[in-house]
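Since the structure comes first, as structure tokens, the remarks are kept for the end.
Quick note: numbers below take in every heavy atom, side chains included, and nothing from hydrogens, waters or symmetry partners. This is a predicted model, so every value here is computed, not measured. Counting begins at 1 with the first residue of the sequence.
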Amino acid sequence: MDIIIKENYEHMSLYAADIIAGYVRSKPDCVLGLATGSTPIGTYRELIRKHKEEGLDFSQVKTFNLDEYLGAGMDLAKPYPLDQSYARFMHEELLKHINIKKENIHIPDGLSKEPKKFCQWYEDEIKKAGGIDLQLLGLGGDGHWGFNEPGSSLGSRTRVVVLTQQTLDDNYEAFYKKAGIERSQMPHFAITMGIGTILEARNILMIVNGPKKAGMVAQCLEGPVTSQVTASAIQLHSGEITVVLDEGAASQLTNSAHYRHTENIKCAYGL
Ligand code: GLP
């Protein structure tokens, strides 16, 4: 596991975008797993810049998003300001700015009439696409990946879940409140890829910023693997793992001196 500590959010975002761009350049038809939240916005902005200014080509790329609120989706017939769906978020923050084909975009359908069936279909589509080459992940305030709240099995698959109070509070503050939406209107259920689904991605890129998440970052990377901090499953992954943190998020790591040393020595030897 490579743990990279960058001085701030901007540097974290540029580093993460470089990794994603590297996959797209070396395998133009790669399959990317994408995440939402405030954390990846800087990474997406840099990818958009690379597309516009450097010609980074997404025309053959396929994407699968981690999760979506149940009861929310990309329904263009609905009034825009009330739509805080992840589909809308992805469209606004990345997808409409790059040359990705509509049919190559997969986001869990929060408006599905048969969510259980949909979840199985989503799993099948990931398999049909040949699996995810690189999964981008953030970290929830309660240590979750996607919407895999504490108590989710580490082998879980795409399914419907109930959100914790903490997730509702965090995401209300970050997104719903800003859009002027009442607390009571926020969805309490979601569709999420499971931890087992995420662990099948060939490679993992996790980004986390800010001192608020420092304790959770330490638990996830240096604590025990536990279903109470579902992102701690990162320690079980067998592919290439890169964790990019800013100084704030890294501030409670016990072994940060070793991670910095490893990064420096790898750079020096071109590894
Ligand atoms: C939501 C998403 C997660 C994301 C998390 C962190 O819960 N389902 O995938 O990692 O928010 O969001 P933020 O980046 O805004 O802190």
Side-chain angles (χ1 to χ4, degrees), residues 1 31-37 39-40 62-73 85-87 90 106-168 170-171 187-208 213 216-217 219-241 243:
M1 188 180 329
V31 181
L32 299 176
L34 297 179
T36 51
T39 312
K62 289 196 174 101
T63 61
F64 285 88
N65 259 81
L66 280 171
D67 48 11
E68 176 63 283
Y69 292 106
L70 204 57
S85 70
Y86 281 168
M90 288 309 301
H106 305 82
I107 299 174
D109 181 6
L111 299 173
S112 169
K113 299 269 176 291
E114 293 185 287
K116 268 194 177 172
K117 264 196 191 161
F118 176 84
C119 292
Q120 186 52 56
W121 177 85
Y122 203 68
E123 289 273 335
D124 294 343
E125 285 302 296
I126 294 174
K127 282 199 186 92
K128 261 198 237 162
I132 291 171
D133 290 302
L134 178 68
Q135 177 67 56
L136 175 66
L137 294 154
L139 180 68
D142 60 9
H144 67 219
W145 268 350
F147 274 132
N148 290 281
E149 302 290 36
S152 301
S153 130
L154 300 183
S156 52
R157 312 300 308 186
T158 303
R159 66 203 189 288
V160 173
V161 294
V162 179
L163 303 176
T164 60
Q165 195 56 47
Q166 182 178 347
T167 297
L168 291 173
D170 289 349
N171 292 355
H188 285 225
F189 294 91
I191 293 177
T192 183
M193 276 187 207
I195 295 296
T197 320
I198 295 169
L199 288 177
E200 278 172 13
R202 281 183 273 285
N203 302 294
I204 280 180
L205 170 60
M206 180 160 92
I207 52 177
V208 194
K213 291 194 189 155
M216 212 28 101
V217 166
Q219 283 193 55
C220 159
L221 300 179
E222 296 179 335
V225 175
T226 167
S227 64
Q228 295 306 305
V229 179
T230 56
S232 66
I234 197 167
Q235 298 174 44
L236 299 172
H237 191 258
S238 56
E240 231 168 69
I241 307 170
V243 180

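In terms of heavy-atom proximity, Leu163 sits nearest to Pro187 at CD1-O, 3.7 Å. Minimum interatomic distance between Ala35 and Pro40 (heavy atoms only, all atoms of both residues): O-CG, 3.7 Å.
With rounding to the nearest 0.5 angstrom, the CD1 atom of Ile107 is 12.0 Å from the CD1 atom of Ile191. We find the CD1-CD1 distance between Ile198 and Ile132 to be 8.5 Å, quoted to the nearest 0.5 Å. Summarising the geometry, atom OG1 belonging to Thr197 is positioned 6.0 Å from atom CD1 belonging to Ile126; distances are rounded to the nearest 0.5 Å. Between atom OG of residue Ser112 and atom CG of residue Leu70 there is a gap of 8.0 Å, rounded to the nearest 0.5 Å.
Of the charged side-chain nitrogens involved, at least one lies within less than 4.0 Å of a carboxylate oxygen, so that Arg157 and Glu200 count as a salt-bridged pair.
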Going through the distances and angles, do Gln219 and Met216 end up as a side-chain contact (heavy atoms from CB on, under 4.5 Å)? CA-CA 5 Å; Gln219 283 193 55; Met216 212 28 101; 4.1 Å; yes

Verify side-chain contact (heavy atoms from CB on, under 4.5 Å) between Gln135 and Leu32, making sure each step is shown before the conclusion. CA-CA 6 Å; Gln135 177 67 56; Leu32 299 176; over 6 Å; no

In sequence, state the C-alpha distance, the side-chain angles, and the governing distance for Ile204 and Glu240, and then conclude on side-chain contact (heavy atoms from CB on, under 4.5 Å). CA-CA 6 Å; Ile204 280 180; Glu240 231 168 69; over 6 Å; no

From CA spacing to verdict: side-chain contact (heavy atoms from CB on, under 4.5 Å), Glu125, Trp121: CA-CA 6 Å; Glu125 285 302 296; Trp121 177 85; 3.4 Å; yes

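Put simply, the side chain of Glu222 never gets that close to the backbone of Val217: no donor and acceptor are under 3.5 Å apart. For the pair Glu68 (side chain) and Tyr86 (backbone), a donor-acceptor distance under 3.5 Å is present. Gln166 places a side-chain N or O within donor-acceptor distance of the main-chain N or O of Gly141, the cut-off being under 3.5 Å. Of the possible donor and acceptor atoms, one in the side chain of Gln235 sits under 3.5 Å from a partner among the backbone N and O of Cys220. Checking side-chain atoms of Asn148 against main-chain N and O of Trp145 turns up a donor-acceptor pair under 3.5 Å. Remark: side-chain polar atoms of Asn65 are not paired, donor with acceptor, to backbone N or O of Asp67 under 3.5 angstrom. A donor-acceptor pair under 3.5 Å links the side-chain atoms of Ser156 to the main chain of Ile195, judged by distance alone. A distance-only check finds no donor-acceptor pair linking the side chain of His106 to the backbone of Lys62 [under 3.5 Å]. Looking at Asp133, its side chain does come within 3.5 Å of a backbone N or O of Val31 through a donor-acceptor pair. Judged by distance alone, with hydrogens and angles left aside, the side-chain atoms of Lys213 form a donor-acceptor pair with the main-chain N or O of Leu139 at under 3.5 Å.
Using cut-offs of 30° and 60° on the angle between ring planes, the pair Tyr69 and Phe147 is tilted.
The closest side-chain heavy-atom distance from Val225 to Leu154 is below 4.5 Å. Here the side chains of Tyr122 and Asp109 are not in contact, with every heavy-atom distance at 4.5 Å or above. The shortest distance between side-chain heavy atoms of Thr36 and Met90 falls below 4.5 Å. Counting heavy atoms from C-beta on, the side chains of Thr158 and Pro108 never come closer than 4.5 Å. Within the 4.5 Å cutoff, the side chain of Met193 has heavy atoms near those of the Phe64 side chain. Between Leu136 and Met206 the shortest side-chain heavy-atom distance does not fall below 4.5 Å. With a 4.5 Å cut-off on side-chain heavy atoms, Arg159 and Thr192 count as touching. In this structure, the side chains of His144 and Thr164 stay at 4.5 Å or more apart for every pair of heavy atoms.
Within the structure, salt bridge (charged side-chain N to carboxylate O under 4.0 Å, His left out) contacts touching residues 134-151 (residues at least two apart or in different chains) do not occur.
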